[in-house]
A.B. asks: 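First the structure, then my questions, so here it is.
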Amino acid sequence: MKIHTKAVHAGDRRKPGAFVPVTTPIHTATSYFYESMEQLDRVFAEEEKGYCYARHDNPSAAALEELMCELEGGAVALACSSGMAALHAAIASALTDRRKSIVAANAMYGATVGLLMNVFDPAGVSIQFADVCDLDALRNVVAEAKPGCIVMETISNPLLRVGDIERIAAIANEAGAALVVDHTFATPLLARPLELGAHFSVHSVTKYLAGHGDVLGGAVITDKQHAETLRALGRTIGPVLGPFECYLTMRGVKTFPLRMERQCANACRVASWLTGHPRVERVFFTGDPQHPDAATIRRQFPEGLYGAMMSFEIRDAGREEIFRFMDALKMIVRATSLGDVHTMMLYPVMSSHRELSPKHRQRMGIRDNLVRLSTGIEAAEDIIADLEQALA
Ligand SMILES: *Cc1c(COP(=O)(O)O)cnc(C)c1O
């Protein structure tokens, strides 16, 4: 089945019974009742399918997890209370029986760098950074660090570099490391990391999958090999997603492929309009044929689906001009998230990359005149018209 069909059907109508709801209800019970102790004992022992306690499993979460497995081609999924909880669960599972060492991409979501440096590093895990778009450089760092785990984002933030998951997975496998891919920006419509050899695919479902700016959530999807470790860790630490958020996420996912197609198409139109604007110095977009990772993008993503994120630099602009430009936006929402139905803009220097020193930002190529745009599902003409009047 195609992803559009799976998104609508998978996970729902799981249990034949006296009556079967067409869509999965919000199951709020924290524990489950059985007619006999014998049966409860069998459920605890996992000899019989059933639910016992909401930190272990919950029917609303199980439905969402089945849906995520279908979308990503995985064996087991864990619905988590945030994207960060999901990243933590994935990395901790990956390192359970491996060397306590991580090689991470040097362009990553700010909080992910924080997770590595402020949680894993103090716990005794050594952390190295590498450019995952330079495979020779990555091989050298991996040979030196002998990591238990490599962590990367399919599409990096905010300069939108694209790592070759298949080749990076080969490097990971050779080193005996697990590959954890934060797939939030790309979504399973563009690629499925597990099918390309990654061991864990991680999402902030807060973004494209839920898609309406009203859910904070995450998901980890993994293969057979890591299924038990991930499930055990989820049950022990309990980073699970509540039933209301599971419901909202499933409701969002049903239209995610449609929304994403529209958002990707809008991004192509907006990026090409921006490229021709005299006040725009540079546009960073995965659909640009001159993109430094164009060969990987062609191989990894379907034609026309390059993601719906872009960044651009405004000629000779500093903080003041950027503030004036962003304050002039009438329809585009100035906010820190991304992937929602509405188009959103963010100023990386002030928000996502605020904690970095100006020097560190400069090394990463993030200049003071750079803004990041997440295209929504509005009419492309209206997005362009708003940018045009704000740039005037
Ligand atoms: C938002 C985001 C996260 C964190 O997700 P939360 O749901 O906010 O915890 C991680 N990685 C990427 C790429 C993100 O965009």
Side-chain angles (χ1 to χ4, degrees), residues 61 64 68 72 77-92 102 104-120 132 150-163 165 179-191 193 198 200-221 234 237-242 244-246 248-249 252-253 256 260 263 267 284 286 307-311 333 335-340 344-348 351-355 364 366 372-376:
L64 172 60
M68 290 309 305
E72 290 268 344
L78 181 67
C80 295
S81 54
S82 70
M84 293 316 302
L87 270 164
H88 177 265
I91 296 170
I102 295 173
N106 51 14
M108 297 247 283
Y109 185 70
T112 307
V113 178
L115 173 67
L116 297 173
M117 300 315 293
N118 306 329
V119 178
F120 282 105
V132 295
I150 298 177
V151 185
M152 65 175 283
E153 293 169 4
T154 312
I155 302 176
S156 79
N157 179 19
L159 297 180
L160 308 163
R161 295 295 304 266
V162 176
I165 296 172
L179 178 60
V180 175
V181 177
D182 181 338
H183 202 47
T184 302
F185 276 30
T187 81
L189 186 69
L190 271 63
F200 296 86
S201 179
V202 180
H203 288 276
S204 166
V205 307
T206 314
K207 316 293 168 58
Y208 292 100
L209 292 170
H212 293 72
D214 54 8
V215 183
L216 185 79
V220 186
I221 306 95
I237 300 178
V240 296
L241 188 63
F244 290 94
E245 284 80 5
C246 289
L248 276 175
T249 304
V253 169
F256 132 73
M260 190 64 184
Q263 287 173 270
F284 300 86
T286 38
M309 297 297 303
M310 73 193 71
S311 296
V333 182
T336 40
S337 194
L338 62 106
D340 290 344
M344 302 172 94
M345 190 179 284
L346 162 150
Y347 186 32
S351 45
S352 58
H353 294 73
R354 187 188 186 103
E355 306 304 326
M364 286 181 76
I366 301 167
R372 190 190 81 186
L373 185 74
S374 160
T375 52

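Order of listing sets the numbers, starting from 1, for every ligand and every atom in it. Any value given below was found using the heavy atoms of this structure, including those in side chains, with hydrogens, waters and symmetry copies removed.
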A.B. asks: Can you report which non-hydrogen protein atom sits closest to atom 3 (C) of ligand 1, along with the distance?
C.D. replies: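 It is Tyr109 CE2, 3.4 Å.
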
A.B. asks: What I want to check is whether the side chains of Thr154 and His183 have a donor and an acceptor closer together than 3.5 Å.
C.D. replies: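 Yes, a side-chain donor-acceptor pair sits under 3.5 Å.
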
A.B. asks: Report yes if some heavy atom in the side chain of Leu116 is under 4.5 Å from a heavy atom in the side chain of Ile91; otherwise report no.
C.D. replies: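 Yes, side chains in contact.
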
A.B. asks: Using a 4.0 Å cutoff against the non-hydrogen atoms of Thr206, which atoms of ligand 1 qualify?
C.D. replies: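 Those of ligand 1 that fall under 4.0 Å from Thr206 are 7 (O).
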
A.B. asks: Is the closest heavy atom of Ser337 to ligand 1 under 4.0 Å?
C.D. replies: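 Ser337 does not count as a contact of ligand 1 under the 4.0 Å cut-off.
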
A.B. asks: Taking side chain as C-beta onward, heavy atoms only, is Val162 less than 4.5 Å from Thr286?
C.D. replies: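 When only atoms from C-beta onward are counted, Thr286 and Val162 do touch, with a gap below 4.5 Å.
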
A.B. asks: Regarding Glu72 and His203, do their side chains bring together a donor and an acceptor under 3.5 Å, going by distance alone?
C.D. replies: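 Yes, His203 and Glu72 have a side-chain donor paired with an acceptor closer than 3.5 Å.
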
A.B. asks: Ignoring angles and geometry beyond distance, decide whether Met84 reaches within less than 3.5 Å of ligand 1 through its nitrogen or oxygen atoms.
C.D. replies: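 Between Met84 and ligand 1, an N or O pair is found under 3.5 Å apart.
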
A.B. asks: Return yes or no for this condition: an N or O of Glu153 is under 3.5 Å from an N or O of ligand 1.
C.D. replies: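 In fact, backbone or side chain, Glu153 has no N or O that close.
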
A.B. asks: So is Ser204 polar-close to ligand 1, meaning N/O to N/O under 3.5 Å?
C.D. replies: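 Between Ser204 and ligand 1, an N or O pair is found under 3.5 Å apart.
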
A.B. asks: Please list, in number order, the atoms of ligand 1 under 4.0 Å from a heavy atom of Gly83.
C.D. replies: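 Reading through ligand 1 atom by atom, the close ones are 5 (O), 6 (P), 7 (O), 9 (O).
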
A.B. asks: Quick check on contacts: which atoms of ligand 1 are under 4.0 angstrom from a heavy atom of Gly217?
C.D. replies: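 Numbered from 1, ligand 1 contributes 7 (O).
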
A.B. asks: Work out whether the distance between some heavy atom of Leu338 and some atom of ligand 1 is less than 4.0 Å.
C.D. replies: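 Yes; Leu338 lies near enough to ligand 1 that a heavy-atom distance drops under 4.0 Å.
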
A.B. asks: Just need the protein heavy atom nearest to atom 15 (O) of ligand 1, so name the residue and atom and give the distance.
C.D. replies: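 Protein heavy atom at minimum distance: Lys207 NZ, 2.7 Å.
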
A.B. asks: Quick one: does NZ or CZ of Lys207 land under 6.0 Å from the six-membered ring centre of Tyr109, within 45 degrees of the ring axis?
C.D. replies: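 Yes, Lys207 lies over the aromatic ring of Tyr109.
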
A.B. asks: Can you tell if the side chain of Val180 reaches within under 4.5 Å of the side chain of Val202, non-hydrogen atoms only?
C.D. replies: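 Touching, per the 4.5 Å side-chain cut-off.
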
A.B. asks: Check whether any side-chain heavy atom of Asn157 sits under 4.5 Å from a side-chain heavy atom of His353, and report yes or no.
C.D. replies: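 Yes; the side chains approach each other to less than 4.5 Å.
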
A.B. asks: What part of Asn157, side chain from CB on, backbone N/CA/C/O, both or neither, has a heavy atom under 4.0 Å from ligand 1?
C.D. replies: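 It is neither part, as no heavy atom is under 4.0 Å.
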
A.B. asks: With atom 11 (N) of ligand 1 as the reference point, say which of Asp182, Thr336, Thr184 has the nearest heavy atom.
C.D. replies: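 The option holding the nearest heavy atom is Asp182.
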
A.B. asks: State, yes or no, whether a side-chain contact exists between Tyr208 and Asp340 at a heavy-atom distance under 4.5 Å.
C.D. replies: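 They are not in side-chain contact.
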
